[in-house]
There are 2 protein chains.
Amino acid sequence: MSLNDRKIQILQAIINDYIETAEPVGSRTIAKKYNLGISSATIRNEMSDLEEMGFIMQPHASSGRIPSDMGYRLYVDHLMKKRELSFEEQRYLQGIISRDISQIDYLMEETAKALSALTNYTTFISEPVGQRARIKQIRLLPLDMTSVLLVIVTEDNFMKNHVMKLNSIPDEERIFEIGMYLNRAFQGCALQQIDQTVIRELQFELGEYKGLLKPILKALQITMQAAERVQVHMSGAKNILAFPEFSDISKAKSLFQTLEEKDVLVTLLEECKSNDLHVLIGSENTVQSMKDCSVITATYKLSDDTRGTIGIVGPTRMDYSQVISVLNGMVQNIEKVLRSLSDNNKDG
Amino acid sequence: MSLNDRKIQILQAIINDYIETAEPVGSRTIAKKYNLGISSATIRNEMSDLEEMGFIMQPHASSGRIPSDMGYRLYVDHLMKKRELSFEEQRYLQGIISRDISQIDYLMEETAKALSALTNYTTFISEPVGQRARIKQIRLLPLDMTSVLLVIVTEDNFMKNHVMKLNSIPDEERIFEIGMYLNRAFQGCALQQIDQTVIRELQFELGEYKGLLKPILKALQITMQAAERVQVHMSGAKNILAFPEFSDISKAKSLFQTLEEKDVLVTLLEECKSNDLHVLIGSENTVQSMKDCSVITATYKLSDDTRGTIGIVGPTRMDYSQVISVLNGMVQNIEKVLRSLSDNNKDG
DNA sequence: TGTTAGCACTCACTTAGTTCGAGTGCTAAT
DNA sequence: ATTAGCACTCGAACTAAGTGAGTGCTAACA
């Protein structure tokens, strides 16, 4: 029993129909709707084979067939036609860039919103992260009589400001000197590398201003904390409720629970980061509450190692073809915006 | 027909029971469960009066009674007993502070999480915002050969960094001078006040470095944009699905939709900002999809005009007493953390 | 030998009818 | 003024029958 051409045609018909209607597909439906030139009886025989081979299954005896995870996998890997974006979809994606977005978190939110509106699935997106643990610059700025501003910039241009309040602060020149020293001392340094040796050296260098030591170390530690918390933005969670596969409230609830836990999403996105495109179908998901879902992720790159990921979650009966083409389009968009964002000030 | 003591006792019984069970309450239930010393027939007569007065209603003839929005209003304003926090609840709230939280957005997220876990309702919280439109400090910092860092601090210590890329940058001294000038020129200035006069003056002052003008204005504009986008964090949306009043998926969906639109939440929180505590019951809500919900908000203050708001959304059959006491506890907590956060570096 | 028409069978879903019980309102007695 | 008693209402839960989309199998056909 081999997967001949006809079987593939039938499987494709079943998947297409099921993605569209969410109803088990019967032999007569296929015979009528898709002109394969064979009778429903023949189709029944082929379907029986396809079931034996594991590509489709019956929710209960005497019902039509639905694709199995394995069926979807075959579809995604070999059968699916790459769809072109429609004019409207393209325009919609363009709309995101054309607006004047100048902050990353806003861009992320708008992107997630647009994707969930366009696909009717749930979207999440992680901010671009690269060499975040490595310090590029440290600067000190006197703010007023009792406070100094410490600015830390990491390799991937992630910035963190810290106002340090002190009872007495050094004069401007001295602050400048200390700032220069800090910058020299920590440039290119990984945050994790800061150990007792460095601290003692720093303490020595600060001299009479060693009161600064504690707040500086605190600021470094906070930056490290912040750097580790990758921001994830989600949108369109409500869409889940529209799918018949989640009309069982308890299922919807447990999926919601999972989606609300950012850690899970972060892990998921991190795992997929190495691939440009990643499709996880049903039981391929490691998280229990997502065994009925498919997750499609795409990675966007700002530079070779500064990357972020966009993910779309939906029922396994998901419009893979649409989602993949929309994701590809969106990745290009985001990369364009991010690039323009990092040099649109370069003009003087 | 007056609202005598007995009627009030019965109303209270109905509300308590309904909050607990979500089932319409009948006269016999009250007679058995709450020892009012009167028979079910008498209770029936009183209930008939209470219904006529508008405090309770029947979902359908020959069912028990449920409280009306007006009934809940009376309850919240006059009948409800202020609950003390249980030991566990207190410990839970303490848990938030005791952890080492040093970033506002993280604090907001953890607070929202804790509240939704504690109350089983949906929580949202807005970051503290005060004189955000007014500039406190502007600073310039040379970063490398082609970029200058512009730091803008607003009156409420909201900070925004901008890396300005330039083809050629002035030497350090000149940057310092320009920075000082900017600081003088813009200190105490509302972002909206920056008009053509200021710009011309600035352009003159920059002289040969007028290439800086455009990026600086851009940065100011971006800061203004960012300042206007009040961050709102939500948690526990999944809890909505657990309430029988939202077992109708379409209702749950439309509420979700509303909760996902941050603008709506921001407006809601802004409206309640002047009051310490604000309760909106059912139809008192202006948003259509929240007519079946109650919203309780509490305002926390960092200083006189730097405030944020915490809100809890649930069905009108909400445990007002618990939510209010938990909110009060949490407000105190947040204020404590925020205060410690703004001077915990003061020690040198 | 592959294909097809025909048929018996399965099973979820719908509809209508039935019963059950929690609840009410009214009335008459206390 | 209160209460016991009773007829009545109406949603919810259950049951039974009917419907129809679907299958698998068999026998006939090209």
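Each chain gets a letter, A, B and so on, in the order its sequence line appears, and its residues count up from 1.
For the OP1/OP2 pair of D:dA21 and a distance below 4.0 Å, the side-chain nitrogens and oxygens of A:R65 include no atom meeting the criterion. At the phosphate of D:dT23, OP1 or OP2 sits under 4.0 Å from a side-chain N or O atom of A:S27. For D:dT23, neither phosphate oxygen OP1 nor OP2 lies less than 4.0 angstrom from any side-chain nitrogen or oxygen of A:R28.
With 3.5 Å as the limit, one finds a donor-acceptor pair spanning the side chains of B:Y320 and B:S294. Under 3.5 Å, the side chains of B:S283 and B:D69 contain a donor-acceptor pair of N or O atoms. No donor-acceptor contact under 3.5 angstrom links the side chains of A:Y121 and A:S116, judged on distance only. Between the side chains of B:N4 and B:S2, no donor-acceptor pair of N or O atoms lies under 3.5 Å.
Rounded to whole Å, atom P of D:dC8 lies 18 Å from atom CD of B:Q58. When the P atom of D:dC25 is taken as reference, atom CG of A:D49 falls 12 Å away, rounded to whole Å. Distance B:H60 NE2 to D:dT9 C1': 9 Å, rounded to the nearest Å. Distance, B:E51 CD to C:dG25 C1': 12 Å, rounded to whole Å. Going from atom CD1 of B:I10 over to atom P of D:dT2 covers 10 Å, rounded to whole Å. In this structure, the NZ atom of B:K7 is 11 Å from the P atom of D:dA1, given to the nearest Å. Nucleotide C:dA22 holds its C1' atom 16 Å from the OH atom of B:Y18, rounded to whole Å. For the pair B:M47 CE and C:dA22 P, the computed distance is 15 Å after rounding to whole Å.
Screening residues 12-25 of chain B for salt bridge (Lys or Arg N to Asp or Glu O under 4.0 Å), with sequence neighbours left out, gives B:D17-B:K33.
Distances were taken from every side-chain heavy atom of B:S62 (C-beta onward) to each of D:dC10, D:dT23, C:dT24; the shortest belongs to D:dC10.
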Protein-to-nucleotide contact annotation, 5' to 3' order, nucleotides 1-7 of chain C [B base; S sugar-phosphate only; - none; under 4.0 Å, heavy atom]: --SBBB-
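Each of B:L327, B:N275, B:T309 was compared with B:T299 under the side chain to side chain contact (heavy atoms under 4.5 Å, CB included) criterion, and only B:T309 meets it.
Under the rule for a salt bridge (charged side-chain N to carboxylate O under 4.0 Å, His left out), B:R44 has no partner lying at least two apart in sequence or in another chain.
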